[in-house]
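Below is one structure, written out as structure tokens; the observations come after it.
Both counts, for ligands and for their atoms, begin at 1 and track the order of listing.
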Amino acid sequence: AAKANPHRRTEFYRTELCEQAERQVALTKLLRKAVSKHQFRAHYQSKHAVEDGRLTGYEALIRWQLDDGVLVSPAQFIPVAEETGLIVEIGRWMLAEVCRQITEWRRLGYSFGRVSVNISGRQLTDPEFVTTVAEIIGKTGVDPSDLELEITESWLMVDPERSTEILRALRGMGFKLSIDDFGIAYSSMNYLKHFPVDVIKVDRSFVRDILTDRDSQAIVSAIIAMGHNLGREIVAEGVETRGQLDMLRSAGCDEAQGYLFSRPVPPEDVERARRMPLRQEAVAS
Ligand code: C2E
Ligand code: MG
Ligand code: MG
Ligand code: MG
């Protein structure tokens, strides 16, 4: 019955849009307070060598915990934080938190490789960005080569020349750099050659279909071959099955990350896992 009434449809969309806008405003207000209320957390997901599964590092992923304990996914609030510019402050908090955590883990004697942090392209447009990063590094005393900064391909392509400049500055400071979610945006091979990055992270959507879709498999193989020719390391995201991992191994992929190994976990869980080998050594001696 409703399908015959076009006004009703318009009405429906209008209400829907209003609700969406209202939600956006409400979310923005909550997000503004979240930094001062210490509601963000960093969780960590392990990365592994495809060859033998050994731990190579972690990716830090932000979590927003509301007063009632509910966790809001970054997929929901990062876009709003980017639109409102709040990402600049949130991103600064996140980097400082990860540096604090690295210092703590080093002090405890854990070996954990590099920790990567996601940087929004919106942060790169902040003229103070490089200075802010230098300050955090100076204050925490972290070695920049213990950190990897992940920037999505789509952000890098917004202004490739400017991106290249900033990446150069960051790399000059000693950071490892990676292109995140690679393959879903349009990158010309020429830019890829010029972006001074160490790592290319193949987007999860290709990994998901790698066993069932020939095109995805072809794309992943091509990214790996091209990346290696350019001297980059290749990390596959979203590896969930043994079969996907085997396929990635035969394609020559360097590292993998995904639920097959671990979900993102709070730092306490990382610490528990890192303590274990030490305990085993203690038992053996
Ligand atoms: P991303 O950087 O590509 O991170 C990988 C996402 O894939 C994470 O989602 C992770 O939990 C999820 N994932 C990992 N392995 C698997 C798997 O095997 N299967 C499936 N289905 N998913 C997997 P998460 O934590 O929800 O983060 C979503 C996105 O939010 C991130 O994508 C990143 O773009 C953004 N993000 C997260 N933390 C930050 C941050 O601190 N700053 C910024 N700017 N963005 C962040
Ligand atoms: Mg990432
Ligand atoms: Mg990614
Ligand atoms: Mg992704």
Side-chain angles (χ1 to χ4, degrees), residues 31 34-35 39-48 50 57-65 71-101 114-126 129 132-133 136 147-156 158 176-185 197-211 220 223 233-245 247-248 253 255-267 269-270:
L31 208 46
V35 177
Q39 288 180 328
F40 294 109
R41 307 269 177 276
H43 281 197
Y44 298 86
Q45 184 180 36
S46 59
K47 295 194 222 183
H48 300 262
V50 166
Y58 289 93
E59 174 172 7
L61 294 154
I62 199 165
R63 298 293 179 257
W64 178 15
Q65 191 160 26
L71 281 182
V72 187
S73 144
Q76 275 177 281
F77 71 87
I78 294 289
V80 179
E82 286 174 337
E83 273 166 43
T84 54
L86 284 168
I87 191 68
V88 170
E89 198 183 339
I90 295 170
R92 192 191 306 136
W93 176 85
M94 185 66 175
L95 185 63
E97 168 59 16
V98 172
C99 288
R100 186 200 62 74
Q101 190 66 76
R114 281 202 302 260
V115 181
S116 67
V117 181
N118 292 284
I119 302 293
S120 162
R122 180 67 183 71
Q123 289 173 265
L124 299 187
T125 64
D126 170 22
F129 179 69
T132 305
V133 169
I136 293 172
L147 278 163
E148 185 174 311
L149 307 178
E150 299 190 2
I151 302 149
T152 62
E153 179 194 20
S154 40
W155 268 117
L156 289 177
V158 171
K176 296 285 178 207
L177 303 175
S178 51
I179 304 188
D180 204 353
D181 301 349
F182 188 81
I184 51 173
V197 299
D198 306 276
V199 178
I200 294 173
K201 296 190 77 176
V202 180
D203 191 67
R204 193 172 80 215
S205 57
F206 301 112
V207 176
R208 188 188 53 217
D209 300 336
I210 198 173
L211 292 175
V220 171
I223 294 173
E233 254 174 72
I234 316 294
V235 177
E237 13 176 68
V239 180
E240 295 185 355
T241 69
R242 173 70 50 185
Q244 290 168 341
L245 184 66
M247 179 65 83
L248 288 163
C253 188
E255 290 180 20
Q257 180 184 349
Y259 296 169
L260 175 65
F261 298 100
S262 169
R263 294 194 171 243
V265 295
D269 290 17
V270 171

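Note: Y44 and Y58 have perpendicular aromatic rings, judged against thresholds of 30 and 60 degrees for the angle between ring planes. Between W64 and F77, the angle of the ring planes goes over 60°, which puts this pair in the perpendicular group of the 30/60° scheme.
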Verdict with supporting geometry, S116 and K201, side chain to side chain donor-acceptor pair (under 3.5 Å): CA-CA 12 Å; S116 67; K201 296 190 77 176; 4.8 Å; no
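Of all the heavy atoms of P264, the ones lying under 4.0 Å from any atom of ligand 1 belong exclusively to the side chain. Contact annotation: for H43 versus ligand 1, there are no heavy atoms closer than 4.0 Å. When heavy-atom distances to ligand 1 are checked against a 4.0 Å cut-off, V239 comes that close only through its backbone atoms N, CA, C and O.
Comparing heavy-atom distances from atom 15 (N) of ligand 1 across Q257, E150, Q45 singles out Q45 as nearest. Considering each of T241, I62, I90, the one bringing a non-hydrogen atom nearest atom 38 (N) of ligand 1 is I62.
Residues satisfying the side chain to side chain contact (heavy atoms under 4.5 Å, CB included) criterion with Q76, sequence neighbours excluded, are V72, S73. Partners of V88 under the side chain to side chain contact (heavy atoms under 4.5 Å, CB included) rule, at least two apart in sequence or in another chain, are R92, R122, D126.
Look at D181 and the Mg ion (ligand 2): no N/O/S atom of the residue is under 2.8 Å from the metal. Note on E237: not counted as a metal contact of the Mg ion (ligand 2), no N/O/S atom lying under 2.8 Å.
Put simply, the angle at the Mg ion (ligand 2) from OE1 in E150 to OE2 in E59 is close to 90°, to the nearest 10°.
The shortest N/O to N/O separation between S73 and ligand 1 does not fall below 3.5 Å.
Within the structure, the closest approach of E59 to ligand 1 falls below 4.0 Å when heavy atoms are considered.
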